[in-house]
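Below is a structure I'd like to ask you about.
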Amino acid sequence: MAIWTPEPGEVLLARDSIVFATGTAPKVSGMRWFRDPRRNDIHQELPGWPAGPCFALGAEPGKTPGGNAAALGLRALYVAIGGALEALGGTGGFLPGRSAGPGRPQEPENEVEDFPVMWAEPDSVARTLPWQLDPARCPESCRTHLIVTDRRLVVVGFTGDDLSRDEVLWEIDRSEVSGAETMRCSAVGGDIRIHFADGSWCRLAPPSSRVHWSITRHLAGCAELVSSSDLTSRQSRYVDSYVSSLGERNTSVEPVITRRRSGNFLIEVTTTIPVKPDHGLLKSYAFMSKAGRRGGFNPADL
């Protein structure tokens with residue numbers, strides 16, 4: 001095995017740690033459910049999945065029928081505690097790696113009264129997601145990353161900190177993804193809900209807090225991949241100037257340029273910093289205006 005790499009001509013956009021999201025509202029705190037559209041619990045129907053806790057709405061995790069505290073794992077406990085600590089931290093702005101606490105629920109029926117992280121009819125795409133994404137089932141020694149490219153989504157798993165043993169657990173063409181959105185009611189700065197073309201969806205999150213998460217940047221954001229050949233001469237000069245100013249650039253990987261919601265461009269440059277087990281692929285980035293000058297920062301563009 002080796003660390004996952006894209007195919008020739010495939011553009012690697014983002015890679016980061018990922019798990020099924022965890023509820024934060026009192027009734028669903030520390031829990032998650034796998035549902036069909038009639039809100040039946042389907043976790044025992046998922047092919048190849050090992051046994052896991054059977055949560056009950058409003059009950060404490062670990063005291064639910066069929067569940068136990070050990071099965072939840074330290075990662076699920078960390079997310080629940082982290083959300084409480086961040087809520088105590090106030091709302092005095094964002095710091096790198098921290099969120100300002102859970103945001104306002106967008107769908108109370110799916111965030112306050114219930115917390116489905118899979119919504120899927122039989123034989124739908126969401127039901128094919130790997131069980132290793134579930135913090136209540138996955139061993140502490142196993143980690144999972146989501147990789148986003150211009151062609152597909154890939155989930156890889158590896159043991160401990162050894163990314164040289166990436167194992168592909170799941171992948172899907174981008175054509176089977178109909179959309180994605182950021183869900184702000186989250187203890188980690190924002191979950192992502194990915195919708196598939198067959199109507200099923202899943203709700204995923206990083207296992208610890210993120211600000212301007214690269215996964216949502218390239219799935220939930222309004223981003224159009226731009227070829228360097230489509231830039232004006234002034235834009236090309238700005239890109240070259242920014243890239244050449246970076247001391248840790250990986251020269252074997254071309255910069256990624258996307259047109260954002262505001263009309264500005266985002267330039268992302270892969271560095272020589274190795275992929276991190278906790279935070280995945282780290283990139284340097286800068287904004288460029290349509291005129292080929294330094295672009296102003298707009299949070300909506302990230």
Side-chain angles (χ1 to χ4, degrees), residues 16-25 27-36 39-57 61-62 64 66-67 71-83 102 105 107 110-112 114-120 124-140 142-148 153-158 169-172 177 180-196 200-210 213 215-216 219-220 278 280:
D16 201 353
S17 298
I18 199 108
V19 293
F20 283 118
T22 302
T24 60
K27 191 173 181 179
V28 299
S29 179
M31 296 181 278
R32 67 192 66 81
W33 284 267
F34 305 88
R35 302 288 197 198
D36 67 16
R39 293 198 183 273
N40 296 313
D41 192 333
I42 60 172
H43 78 105
Q44 294 180 327
E45 304 173 14
L46 299 173
W49 281 42
C54 182
F55 295 125
L57 286 168
T64 54
L72 288 174
L74 294 176
R75 280 191 292 175
L77 183 61
Y78 172 80
V79 170
I81 294 174
E107 296 181 359
N110 289 324
E111 298 177 305
V112 177
D114 193 2
F115 197 81
V117 296
M118 178 184 292
W119 190 264
S124 60
V125 170
R127 291 202 187 206
T128 67
L129 286 160
W131 61 266
Q132 290 91 338
L133 289 172
D134 185 8
R137 289 174 168 83
C138 189
E140 284 297 308
C142 180
R143 299 170 184 259
T144 46
H145 279 191
L146 177 64
I147 297 167
V148 181
L153 307 185
V154 182
V155 174
V156 297
F158 56 93
L169 303 175
W170 179 88
E171 67 177 271
I172 191 171
V177 177
E181 57 195 315
T182 300
M183 309 301 289
R184 298 297 182 188
C185 186
S186 165
V188 291
D191 304 340
I192 187 168
R193 185 162 63 182
I194 301 174
H195 296 266
F196 301 109
S200 63
W201 53 260
C202 64
R203 183 169 179 152
L204 305 172
S208 59
S209 293
R210 300 288 190 275
W213 190 25
I215 297 298
T216 53
L219 282 180
D278 293 327

Listed by chain and number, what are the side chain to side chain contact (heavy atoms under 4.5 Å, CB included) partners of Pro47, not counting sequence neighbours?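 Result, side chain to side chain contact (heavy atoms under 4.5 Å, CB included) vs Pro47: none returned.
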Close side-chain approach of Thr144 to Trp170, heavy-atom, < 4.5 Å: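 No, too far: nothing below the 4.5 Å cut-off.
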Please name all residues satisfying salt bridge (charged side-chain N to carboxylate O under 4.0 Å, His left out) with Asp36, sequence neighbours left out, ordered by chain then number.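 Asp36 satisfies salt bridge (charged side-chain N to carboxylate O under 4.0 Å, His left out) with Arg38 only.
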Qualifying residues under side-chain hydrogen bond (donor to acceptor under 3.5 Å, both in side chains), relative to Ser200, sequence neighbours excluded: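 With sequence neighbours excluded, Ser200 shows a side-chain hydrogen bond (donor to acceptor under 3.5 Å, both in side chains) to Asp198, given in chain and number order.
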Does Cys54 reach the side chain of Gln44, with side-chain heavy atoms less than 4.5 Å apart?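 When only atoms from C-beta onward are counted, Gln44 and Cys54 do not touch, as no gap falls below 4.5 Å.
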Distance in Å, Ile18 CD1 paired with Gln132 CD, rounded so as to fall on 0.5 Å steps: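 Result: 14.5 Å between the selected atoms.
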Which residue pairs pass the salt bridge (Lys or Arg N to Asp or Glu O under 4.0 Å) test with at least one member in residues 45-57, sequence neighbours excluded?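 Found Glu45-Arg127.
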Residue list, salt bridge (charged side-chain N to carboxylate O under 4.0 Å, His left out) with Arg193, at least two apart or on another chain: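 Once residues adjacent in sequence are excluded, the partners of Arg193 under the salt bridge (charged side-chain N to carboxylate O under 4.0 Å, His left out) criterion are Glu107, Glu181.
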Please round to the nearest 0.5 Å and tell me the distance separating atom CD of Glu111 and atom OG of Ser186.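 Reported value, rounded in 0.5 Å steps: 9.5 Å.
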Side chains of Leu219 and Leu153 in contact at under 4.5 Å (non-hydrogen atoms):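 The answer is yes, as the side chains (C-beta and beyond) meet within the 4.5 Å cut-off.
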Distance check, rounded to the nearest 0.5 Å: Ile194 atom CD1 versus Ile215 atom CD1?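 It comes to 8.0 Å.
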State, yes or no, whether a side-chain contact exists between Trp33 and Arg39 at a heavy-atom distance under 4.5 Å.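 No, too far: nothing below the 4.5 Å cut-off.
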Considering all heavy atoms, the nearest Val154-Glu171 contact: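 So the two residues come closest at CG2-CB, 3.9 Å.
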To the nearest 0.5 Å, how far apart are SG in Cys142 and CG in Leu169?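 Between Cys142 SG and Leu169 CG, I get 7.0 Å after rounding to 0.5 Å.
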Listed partners of Trp131 passing side-chain hydrogen bond (donor to acceptor under 3.5 Å, both in side chains), at least two apart: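 Here no residue qualifies.
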Under the side-chain hydrogen bond (donor to acceptor under 3.5 Å, both in side chains) test, which residues partner Ser17, sequence neighbours left out?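 Counting only residues at least two positions away or on another chain, Ser17 forms a side-chain hydrogen bond (donor to acceptor under 3.5 Å, both in side chains) with His145.
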What residues, two or more places apart in sequence or in another chain, satisfy ring pair (Phe, Tyr, Trp, His ring centres under 6.0 Å) together with Phe196?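 Result, ring pair (Phe, Tyr, Trp, His ring centres under 6.0 Å) vs Phe196: none returned.
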For Trp119, give me all partners under side-chain hydrogen bond (donor to acceptor under 3.5 Å, both in side chains), at least two apart in sequence or on another chain.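 Scan of Trp119 (side-chain hydrogen bond (donor to acceptor under 3.5 Å, both in side chains), adjacent residues dropped) gives none.
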Verify, without hydrogens or angle tests, whether Arg32 (side chain) and Gly30 (backbone) share a donor-acceptor contact under 3.5 angstrom.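 No; judged by distance alone, with no hydrogens or angles, the pair does not exist.
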Test log, rule side chain to side chain donor-acceptor pair (under 3.5 Å), inputs Arg210 and Ser208: CA-CA 7 Å; Arg210 300 288 190 275; Ser208 59; 2.9 Å; yes
Closest approach of Cys202 to Leu129 (non-hydrogen atoms, all atoms of both residues):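 The answer is CB-CD1, 3.5 Å.
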Taking the side chain as everything from C-beta on, heavy atoms only, tell me whether Val155 gets closer than 4.5 Å to Leu146.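 Yes - at least one pair of side-chain heavy atoms lies under 4.5 Å apart.
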Can you sort out the partners of Ala205 under side chain to side chain contact (heavy atoms under 4.5 Å, CB included), two or more places apart, ordered by chain and number?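 Applying side chain to side chain contact (heavy atoms under 4.5 Å, CB included) to Ala205 gives Ala21, Val188, Asp191.
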Could you check whether any side-chain heavy atom of Arg35 comes within less than 4.5 Å of a side-chain heavy atom of Asp41, counting everything from C-beta outward?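 The answer is yes, as the side chains (C-beta and beyond) meet within the 4.5 Å cut-off.
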Compare every heavy atom of Ile192 with every heavy atom of Ala180, then report the nearest pair and how far apart it is.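 Distance-wise, the nearest heavy atoms are CB-CD1, 4.1 Å.
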Once ring pair (Phe, Tyr, Trp, His ring centres under 6.0 Å) is applied, do any residues pair with Phe34, and if so which ones, sequence neighbours excluded?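 Checked Phe34 against ring pair (Phe, Tyr, Trp, His ring centres under 6.0 Å); matches are Phe20, Trp49.
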Who pairs with Asp278 by salt bridge (charged side-chain N to carboxylate O under 4.0 Å, His left out), at least two apart in sequence or on another chain?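 Salt bridge (charged side-chain N to carboxylate O under 4.0 Å, His left out) list for Asp278, sorted by chain: Arg143.
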Quick check: closest heavy atoms across Trp201 and Pro116, and the distance to 0.1 Å?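 Reported closest heavy-atom pair: CZ3-O, 3.6 Å.
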Using the side-chain contact (heavy atoms from CB on, under 4.5 Å) rule, take His43 and Asp134 through it: C-alpha gap first, then chi angles, then the decisive distance, then the call. CA-CA 11 Å; His43 78 105; Asp134 185 8; over 6 Å; no
Check Val112 against Pro105 and note the closest heavy-atom contact, atom names and distance.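 Minimum heavy-atom contact is CG2-CG, 3.7 Å.
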